[in-house]
Amino acid sequence: QVQLVESGGGLVRPGGSLRLSCAASGSISRFDVMGWYRQAPGKQRELVAIISNTDSTYYDDAIKGRFSISRDSAQNMVYLQMNSLEPEDTAVYYCNARRHGGNGGPREDIWGRGTQVTVSS
């Protein structure tokens, strides 16, 4: 089974930037969707951004214009560039890989263990 490992989190001041990385142990081309989610203490996990295997992207309304998701299929990497960070962006950020199944392939939903992002002055 493919494993996902996030990195790049840390402490940043409001208005600053971070680039998160998600390294997959296998090919990400076999997944329909790669994405980033986040969860703050006491809150539900929420969608940040998604990129499909056809390069379509989707962003939460609060994120669009500040964050950008990208992928490098040759290196099995997914990235989240975060700009103009706000204290409300503080959360654990998780990488996700989804395969819907069908065409003789299995259905998969894989999560990384997360990386902490803290935005504070």
Side-chain angles (χ1 to χ4, degrees):
Q1 186 176 13
V2 169
Q3 294 182 327
L4 306 175
V5 180
E6 302 95 335
S7 63
L11 175 64
V12 64
R13 293 175 177 173
S17 298
L18 284 174
R19 190 189 192 196
L20 305 184
S21 298
C22 173
S25 62
S27 176
I28 64 172
S29 298
R30 296 185 178 184
F31 296 94
D32 296 294
V33 173
M34 301 293 297
W36 288 95
Y37 292 71
R38 67 184 182 185
Q39 186 170 23
K43 304 291 185 179
Q44 293 183 332
R45 187 173 299 186
E46 64 180 9
L47 172 69
V48 176
I50 285 174
I51 185 166
S52 75
N53 60 2
T54 59
D55 292 325
S56 296
T57 58
Y58 172 85
Y59 300 90
D60 180 80
D61 287 340
I63 301 301
K64 189 175 182 180
R66 298 190 298 123
F67 294 4
S68 179
I69 187 170
S70 62
R71 67 178 182 181
D72 185 342
S73 296
Q75 298 296 321
N76 298 318
M77 297 287 291
V78 182
Y79 303 97
L80 183 68
Q81 178 67 46
M82 304 186 294
N83 301 318
S84 301
L85 284 162
E86 304 168 353
E88 292 75 20
D89 296 316
T90 296
V92 177
Y93 284 71
Y94 298 91
C95 184
N96 172 247
R98 274 188 256 169
R99 180 183 172 92
H100 298 319
N103 298 319
R107 183 177 182 178
E108 295 180 275
D109 191 2
I110 301 171
W111 294 87
R113 298 185 69 177
T115 184
Q116 177 71 48
V117 172
T118 303
V119 185
S120 177
S121 61

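The shortest distance between side-chain heavy atoms of Gln81 and Ser70 does not fall below 4.5 Å. The closest side-chain heavy-atom distance from Ser120 to Leu11 is below 4.5 Å. Considering only heavy atoms from C-beta on, Val119 comes within 4.5 Å of Val12 through its side chain. Looking only at side-chain heavy atoms (C-beta outward), Phe67 and Leu85 come within less than 4.5 Å of each other. Between Arg71 and Asp55, some side-chain heavy-atom pair lies under the 4.5 Å cut-off.
Atom CD in Gln116 sits 7.5 Å away from atom OG1 in Thr90 (nearest 0.5 Å). Distance check: Ile69 CD1 to Thr57 OG1 gives 8.0 Å after rounding to the nearest 0.5 Å. Atom CD of Glu86 sits about 4.0 Å away from atom CZ of Arg66, to the nearest 0.5 Å. To the nearest 0.5 angstrom, Ser68 atom OG is 12.0 Å from Ile63 atom CD1. Between the NE2 atom of His100 and the CD atom of Glu108 there is a distance of 12.0 Å, given to the nearest 0.5 Å. Atom CG of Asp89 sits about 11.0 Å away from atom CG of Asn83, to the nearest 0.5 Å.
Using a 4.5 Å cut-off between side-chain heavy atoms of Ile, Leu, Val, Met, Phe, Trp and Tyr, with links allowed through other members, Ile51 and Met82 fall into the same hydrophobic cluster. Leu20 and Tyr58 end up in different hydrophobic clusters when Ile, Leu, Val, Met, Phe, Trp and Tyr side chains are linked at under 4.5 Å. Hydrophobic cluster membership is shared by Tyr93 and Leu4, with clusters built from Ile, Leu, Val, Met, Phe, Trp and Tyr side chains linked at under 4.5 angstrom. One hydrophobic cluster, built from ILVMFWY side chains closer than 4.5 Å, holds both Val2 and Val78.
Panel note: side chain Ser73, backbone Ser29; no donor-acceptor pair is recorded below 3.5 Å. In this structure, the side chain of Ser25 engages the main chain of Gln3 through a donor-acceptor pair within 3.5 Å. No side-chain donor-acceptor contact under 3.5 Å links Arg98 to the backbone of Asp32.
Of all the heavy atoms in Arg38 and Ala91, the pair that sits closest is CB-CB, 3.8 Å. Taking every heavy atom of both residues into account, Cys22 and Trp36 meet most closely at CB-CZ2, 3.6 Å.
For Asn76, the side chain to side chain contact (heavy atoms under 4.5 Å, CB included) test picks out Ala24, Ser27, Ile28, with sequence neighbours left out. Every ring-ring contact (aromatic ring centres under 6.0 Å, His included) that Tyr37 has, sequence neighbours left out, goes to Trp111. Partners of Asp61 under the side-chain hydrogen bond (donor to acceptor under 3.5 Å, both in side chains) rule, at least two apart in sequence or in another chain, do not exist in this structure.
Test Asn96, Ile110, Asn53 against Phe31 for side-chain contact (heavy atoms from CB on, under 4.5 Å) and you get one pass: Ile110. Only one option out of Leu18, Val92, Leu80 pairs with Val117 in a side-chain contact (heavy atoms from CB on, under 4.5 Å); it is Leu18.
More than 12 heavy atoms of other residues, nucleotides or ligands shown are found within 6.0 angstrom of CD on Gln39.
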Task: Criterion salt bridge (Lys or Arg N to Asp or Glu O under 4.0 Å) on Glu6 and Arg113, from CA distance to verdict - done: CA-CA 7 Å; Glu6 302 95 335; Arg113 298 185 69 177; over 6 Å; no
